[in-house]
Amino acid sequence: MVDLDLVRSSPELFQAACKEKNIKLDVSAFLVVDEKRRTAMAETQKMQAERNAVSKKMPTLKDKAEKEKIVKEMKALGEKLKEHEAALTALDAEWLAMQLRLPGIPLANVPKGKDDSENVEIRKWAPHQSPDGSGSGQGTIPTFDFELKDHVALGESLDIIDIPRGVKIAGARSYFLKGDGARLEFALLMFTLDHLKRKGFTAFIPPLLVNYDAMVGTSYFPGGEEMAYAVGVRKSQSQPIESDDVYLIGTSEVSVTSYHGGETLALADLPKRYCGISNCFRREAGTYGKDTHGLYRIHQFQKVEQVILCENDPEVSAKMHKEILQNAEEVLQALKLPYRVVDVCTGDMGQGQMYKNDIETWMPSRKRYGETHSCSTFHDFQSRRLNIKYTAKDGTKKFVHTLNNTCIASPRILIPVLEMYQNADGTVTIPEVLRPYMGGQEKISKPS
RNA sequence: GGAGAGGUGGCCGAGUGGUCGAUGGCGACAGUCUUGAAAACUGUUAAUCCCGCAAGGGGUUCGUGGGUUCGAAUCCCACCCUCUCCGCCA
């Protein structure tokens, strides 16, 4: 949701943002509806005020004839009022549908572009190939003196990933992680949770099934319905599916950001540093034929997501944006995985996002960087929808700013982990920082 | 799934057709008293929308949506949610 005063005074800003974000919405048409709605409101309210005033003096009336006359008048007014109220309800629905499609306006530093091909690289990191592997990040992408296997081949030969059986059980884009593959994923998640604990984040295991309001509140709906799994019940094979009207989250951002929905927080409690660890479910509708190989684009994965609620101040949220971006980079650096950070261009941004960085990690089998993290600044776009406020210094209530960023998402991150840590003999070395989470184990080898 | 009870302001809780946005208590805030604090006392204290530069005026909101009525927190219907008991079960 956006500041309506701003839409009314500067509609051109929103029309431009619509164009940049490929949102088909005529802002001037919205303003026409907005004006109609306000006019209808004024009329309806005038009639309601009259009815209330007459109602108030009704019990004091003694004269029977006069009373009957007024009842007759009020009955007529009531019928007229009912019509006006119905018209207003219809206008409200139209207004709301349009209003929910108004975009957040990208910040001035966001590059203009039509899609992800026009994202702009802002920095690269790679470990030194010095003996200790540490360094300032000015290294190059490590090279190998043997032929690399991709994660699918590695996973198969080590018996830690089973895609065919995943597909057999659950359809395309499904998989099993198995044995040390399953353990490696949990090691990555636990390492990340501990990292964020040190950074002052509170961990959440949130609901994976949420109601419609949470999906609207975080601005996935309306618009993203096709991307979410709706939970339904089929009571028999021949009967249609009944919807429970709950939805599987595509990210714990949905649950964790909604956590304080409808609340007014104390300034002293901000910023809130939260992280959700959850399974994430994505239908990936409309991506048929895209990234079909391996574990890159699948229907279900696990993710540790950072969520920030902070003061309504662009400077503060810019600082928080840097902080959660850095937290994620630190995880990749600890894993010694080469990555780059890009400024996401306007055409590749979500409806509510004001600024967004992606972190892309080097994936040898794809011979390029692949998106592994997504860091977004929303300002008050989500908090207006979720109604999350705080009491500012001056005593007024303001909407918080919200932000979020991936900290680790698996199994996508297993692609670079397995591929970069493979050895000539077909084994995979376990990244040093993960070994404490795997009982000190150093390598994944073929099961004997 | 079966049976019952209930959803009222930040919280507790009264209110069964009109002057009720709603008694009272708690909490919070301000003040009096006090060296300070506590106690006591006094006062203030819902959200949201519309009109207005403002002062201010008006609408809506007693789980949600519909209905009855001149008028609904209060009556009727549907739905949602919570609690208790039973059943089933991790």
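Just so it is clear, the values below take in all heavy atoms, side chains as well, and ignore hydrogens, waters and symmetry mates. Every chain is numbered from 1 and lettered A, B, ... according to where its sequence line falls, protein lines coming before strand lines.
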Given side chains that start at C-beta, do those of [X] and [Y] come closer than 4.5 Å, heavy atoms only?
X: Leu188(A); Y: Leu335(A); answer: yes
X: Tyr296(A); Y: Arg412(A); answer: yes
X: Lys24(A); Y: Arg101(A); answer: yes

Among residues at least two apart in sequence or on other chains, which ones pass salt bridge (charged side-chain N to carboxylate O under 4.0 Å, His left out) with Asp348(A)?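 In terms of salt bridge (charged side-chain N to carboxylate O under 4.0 Å, His left out), with neighbours along the sequence ignored, Asp348(A) is linked to no residue.
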Across all chains, not counting sequence neighbours, the salt bridge (charged side-chain N to carboxylate O under 4.0 Å, His left out) partners of Asp92(A) are Arg37(A)
Using both distances under 3.5 Å as the test, list the Watson-Crick or G-U wobble partner of [N], or none.
N: U42(B); result: A30(B)
N: G36(B); result: none
N: G71(B); result: none
N: U19(B); result: none
N: G4(B); result: C83(B)
N: U48(B); result: G59(B)

Per side chain to side chain donor-acceptor pair (under 3.5 Å), Ser376(A) is matched among Gln382(A), Gln353(A), Lys356(A) by Gln353(A)
Using atom [atom1] in both nucleotides, what's the gap between [N] and [M] to the nearest angstrom?
N: C33(B); M: A40(B); atom1: C1'; result: 9 Å
N: G15(B); M: G21(B); atom1: C1'; result: 13 Å
N: A47(B); M: G10(B); atom1: C1'; result: 12 Å
N: G58(B); M: U69(B); atom1: P; result: 29 Å
N: U19(B); M: C62(B); atom1: P; result: 15 Å
N: G18(B); M: A72(B); atom1: C1'; result: 10 Å
N: A46(B); M: G36(B); atom1: C1'; result: 35 Å
N: A14(B); M: A30(B); atom1: P; result: 31 Å

Are any of the side-chain nitrogens in Asp34(A) or Arg38(A) under 4.0 Å away from the carboxylate oxygens of its partner?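 So Asp34(A) pairs with Arg38(A) through a salt bridge.
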RNA chain B contacts among residues 29-58 of chain A, heavy-atom distance under 4.0 Å: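 Result for residues 29-58 of chain A: Arg38(A), Met41(A), Gln45(A), Gln48(A), Ala49(A), Arg51(A), Asn52(A), Ser55(A), Met58(A), sorted by number.
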Residues in residues 74-102 of chain A with a heavy atom under 4.0 Å of RNA chain B, by number, are Met74(A), Lys75(A), Lys82(A)
Under 3.5 Å, is there a donor-acceptor pair between the side chain of His379(A) and the main chain of Asn312(A)? no
Identify, between Lys72(A) and Lys397(A), the residue whose nearest nucleotide on RNA chain B lies closer to the 5' end. Lys397(A)
Does anything in residues 41-58 of chain A form a salt bridge (Lys or Arg N to Asp or Glu O under 4.0 Å)? List the pairs, not counting sequence neighbours.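 For residues 41-58 of chain A, and leaving out neighbouring residues, there are no salt bridge (Lys or Arg N to Asp or Glu O under 4.0 Å) pairs at all.
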Throw together a table of side-chain donor-acceptor distances under 3.5 angstrom for residues 198-210 of chain A, partners on residues two or more places apart or in other chains.
from, atom 1, to, atom 2, distance (Å)
Lys199(A), NZ, Glu330(A), OE1, 2.9
Lys199(A), NZ, Glu330(A), OE2, 3.4

Determine, stepwise, if the pair Lys303(A) / Thr251(A) fulfils side chain to side chain donor-acceptor pair (under 3.5 Å). CA-CA 7 Å; Lys303(A) 180 154 68 80; Thr251(A) 161; 2.8 Å; yes
Select base, sugar-phosphate, or nothing to describe what Arg384(A) touches, counting heavy atoms under 4.0 Å on all strands.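 No contact.
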Value in whole Å for how far the [atom2] atom of [N] lies from [atom1] of [X]:
X: Ile388(A); N: A47(B); atom1: CD1; atom2: C1'; answer: 17 Å
X: Asp213(A); N: G63(B); atom1: CG; atom2: P; answer: 18 Å
X: Glu68(A); N: U69(B); atom1: CD; atom2: P; answer: 16 Å
X: Asp5(A); N: C53(B); atom1: CG; atom2: P; answer: 13 Å

With respect to the side chain of Lys389(A), which nucleotide from C50(B), U48(B), A47(B) is positioned closest?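 Closest nucleotide among those given: U48(B).
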